[in-house]
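Only heavy atoms go into these numbers, but all of them, side chains included; no hydrogens, no water, no symmetry mates. None of the values given here were measured: they were computed from a predicted structure.
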Amino acid sequence: MESADWIVDFGPGAGEHGGARGVGRDPGNVMADPASLTGAYLSGRAEISVPQRRRPVGKARITIAGATENNLKNVTVSFPLGCFVAVTGVSGAGKSTLR
């Protein structure tokens, strides 16, 4: 986000506590804004502590074998179950094909 040209910062609350329309600004202005929760984390004023001990990833997995739809060409991938997994990549790389 710090490398972005422009950030649209919504908030400060979410759901029924939100409703304030975000303002598009460059990252420096977002980080300098004391009312911006996003800016607080980007600037280091706020942080989420990393737990000293993490739960181990189990052996249970789901595997997609030989995916060939759209841009995928015989791709096999295995995802661990019971933990947060993010699939990232450029537009058109086949992320949504794996769903």
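Cluster partners of Leu72, by chain and number: Ile62, Ile64, Val75, Val77, Phe79, Leu81, Val85, Val87, Leu98. The rule joins Ile, Leu, Val, Met, Phe, Trp and Tyr whenever side-chain heavy atoms lie under 4.5 Å apart.
Taking both residues in full, the closest heavy atoms of Thr38 and Met1 are given as CG2-CE, 3.6 Å, listed atom of the first, atom of the second, then distance. Considering every non-hydrogen atom in both Ala65 and Thr76, the closest pair reads CA-OG1, 3.5 Å. The two residues Ala4 and Pro27 come nearest to each other via the heavy atoms O-CG, 3.1 Å.
With sequence neighbours left out, the side chain to side chain contact (heavy atoms under 4.5 Å, CB included) criterion links Arg53 to no other residue. Partners of Thr68 under the side chain to side chain contact (heavy atoms under 4.5 Å, CB included) rule, at least two apart in sequence or in another chain, are Asn74. Evaluation of the side-chain hydrogen bond (donor to acceptor under 3.5 Å, both in side chains) rule for Asp33 yields Arg25 as partners, not counting sequence neighbours. Applying the side chain to side chain contact (heavy atoms under 4.5 Å, CB included) criterion to Ser78, with sequence neighbours excluded, gives Arg61, Thr63. Under the rule for a side chain to side chain contact (heavy atoms under 4.5 Å, CB included), the partners of Glu2 that lie at least two apart in sequence or sit in another chain are Met31, Leu42.
Summarising the geometry, atom OG belonging to Ser96 is positioned 7.0 Å from atom CG belonging to Asn70; distances are rounded to the nearest 0.5 Å.
Applying the salt bridge (Lys or Arg N to Asp or Glu O under 4.0 Å) rule to pairs touching residues 73-82 yields nothing, sequence neighbours excluded.
In this structure, Asn71 contributes its side chain and Gly92 its backbone to a donor-acceptor pair below 3.5 Å.
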